Amino acid sequence: MNTIIQNILVFIAVALAIWFLLHKYGVLPKKKTSGSKACGQDDCGCH
Amino acid sequence: MSKQINVALIGNPNTGKTSVFNSLTGLNQKVGNYPGITVEKKEGICKLPRGVKAHIIDLPGTYSLNASSLDENVVIELLLNKNDKDFPDVAVVVSDVENLKRNLLLYTQIKDLKIPTILVINMSDRMAYKGIQLDIAYLEKELQTKIALVSTRKNKGIDQLKELITNYKELSTEPCLNASEIDKEYFDKLRKAFPNQLLYKLWLVITQDVNFGKIDRNEIDAINSFKTKGKADLKRLQQKETIKRYQFINNTLKKGQTIDLKSAKDLRIKLDRILTHKVWGYLIFAVILLTIFQAIYDWSSVPMDFIDSAFASLSEWTKNVMPEGAFTSLIAEGIIPGLGGIVIFIPQIAFLFLFISVLEETGYMSRVVFLMDRIMRRFGLSGKSVVPLISGTACAIPAIMATRNIESWKERLITILVTPFTTCSARLPVYLIIISLVIPEGRFFGLSYQALTLMLLYLIGFGAAIISAWILNKILKIKSKTFFVVEMPNYKLPLFKNVALTVLEKTKSFVFGAGKIILAISIVLWFLASYGSGDDFNNAEEIITTQFASENLSSEELQQKISSHQLEHSFIGIAGHAIEPAIRPLGYDWKIGIAIVSSFAAREVFVGTLATIYSVGSDEEETIKNRMAGEVNPILGGPLFNFASGISLLLFYAFAMQCMSTLAVVKRETNSWKWPMYQLVIMSAFAYVVALIAYQVLK
């Protein structure tokens, strides 16, 4: 019983860790924030 | 429920705005980003008299409301958008008693927005020293406000400021001058076309290159009854506005401020002459750098050893008190060693930020920027590139964001591309552990070889940055104009509170930022190292017992051989062996290969990864350093981390582009994947070649 619980906890921890890493590095979609804004300079390349 | 007042702290750079913020909020502050952009947002809570609370925002430093960078836009955007939840009930403009004339330009502009405004005259403790006298009553009358004379150093005037904030409703919202006089006809037309809008707000929207909140410049252009002027005419009008404001400020200060030059005792000129001298300036800077690196080593060794053995004991203790099983192993062999691999570097990171913070607080850093400008120009960069390159020693991400104040796109792009070469704090754990393993402990003129190696690595990083800048300057065909202006603040003793808060904030963000990633990677790595498929993994015990049946091995030795066999055939072992041919010529084994691959997420993951891999299956209470020192090269024999492989690793980490967050920020700042991909491929290929040459020459 104890072994089963420990194994379940391990798999939950691994699943959470993978989920976190995928989110962190943009593999899974993140919540959308407002769009990027121009910096106000003519030649900065971000317009 | 008590009312919360929104307070915006605004001011020119170097006026001590952050010191005022720290004095008001203490530890009740947090650092984040403005929504949608990566400009740092500092906010905090201040308790005011009569149970009132103030929500204080420390806005980025700006010289005026004529924005030329994204940081400055943040200030204007907030002040123009009444619907913003942070829109201030009261603006606190922080000025420096020695630069009142320049600081008041921004103040008069904010007054035109009809926001209740308090003027803080900071650094008042320097008035007697500089022979400055102020007629506060006169200034308050002319500037239509209340003034708080503050000295954050002596902790004076903060209570008065709190009182003024509490009573902000009594403040006048009238402008101190009529700026529309610069072109009455034009402003009258503007007023008639938009009768419900604040005139100065419209003027700001017309003259800025970006749109703010709900008022759009295109909307103004679209109104038939009003035709805005051409760009050149608007610039001319802006200049007239600035001149008018300075005329008002000059007249006000003529009566409100007296400066007795005879009583001013100026040490600054003498110090500047030495610290920015073309020979002494660089020598002094080199000595300061050496002292910093030596101190980082000497002062950190005791707390580091303590943390290292504490984590080893914690791991052993966990194994003893928790029931045996996979989850216990995950905690004891995966999570604790992985986290230990980052926590151990807290003392050194904290000391590094302590020194950087003290240099900034004293005003010396601006002199370094000035000194470096002379070198930078020869390599196609401006002095402004020095700020990102120096702040890159903390982290490349804010450093790349700091390039936004570089006006020339070419210089900005080059700075963005070369900044990741500078030695960031994430490289520090890798450098420190490898140096401690492969560089002897002797001393040279009182300086340890290890500290000198560390300093050399910082210089290599800086050298790589400026040489690449020179090459990029020759290759990139982008036309742009360049100029460099730097403000030299006065020298002052660092404020303990500011230094302490900086060290705390930077160390916290390093540990928690990296800590979450390392925790997750440690869990995944432990899983990959503890599980596998195939007979070799599942029947490891049987295979090893049969193989060594004739040898008289103790049960401990046999267990170690079984664990080692299992690790070799685990998922991570299979992956590691697959990449081994590519890294073997560099002197690394498959375990280092896995650590290098996982540290492409973030460099500091390297030590945590090795700590996790070496801990799996091990029953001994052992520190990370000892485990690494005990690793044997499987082919050549002898220590795996020897001088040749160690130097090869150090050089690989000095040049390789191993930080996904930095790549993401470069993409964001350049608006293209092209540049981060160039960085990733070119830097990593260069790192591989240099590491290969180093190992092959030194082995």
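Sequence lines set the chain letters: A, B, ... in the order given, protein chains first and strands last, and positions in each chain run from 1. As the structure is a prediction and not an experimental result, all values here were calculated from the model.
At a 4.5 Å heavy-atom cutoff, Ser522(B) makes no contact with chain A through either its backbone or its side chain.
Scanning all heavy atoms of the two residues, the minimum distance from Val524(B) to Ala17(A) falls at CG2-CB, 3.9 Å. Counting all heavy atoms, side chain and backbone alike, Ala326(B) lies closest to Asn7(A) at CB-OD1, 3.4 Å. Heavy atoms only, all atoms of each residue included: Leu21(A) and Ala520(B) are closest at CG-CB, 3.8 Å.
Between the side chain of Gln6(A) and the backbone N or O of Pro323(B), at least one donor-acceptor pair lies under 3.5 Å.
Note: Ile12(A) CD1 to Ile523(B) CD1 = 12.0 Å, rounded to the nearest 0.5 Å. For the atom pair Phe11(A) CZ and Leu330(B) CG, the distance stands at 11.0 Å (nearest 0.5 Å). Note that OG1 of Thr328(B) and CG of Leu9(A) are 9.5 Å apart. Values are rounded to the nearest 0.5 Å.
Within residues 673-680 of chain B, no residue has any heavy atom less than 4.5 Å from a heavy atom of chain A.
Residues passing the ring pair (Phe, Tyr, Trp, His ring centres under 6.0 Å) test with Phe327(B): none are found, sequence neighbours excluded.
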Discussion item. Run the side chain to side chain contact (heavy atoms under 4.5 Å, CB included) test on Phe20(A) and Leu519(B) for me, step by step, so that the C-alpha distance in whole Å, both residues' side-chain angles and the decisive distance to 0.1 Å come before the verdict.
Written reply: CA-CA 10 Å; Phe20(A) 170 79; Leu519(B) 175 66; over 6 Å; no

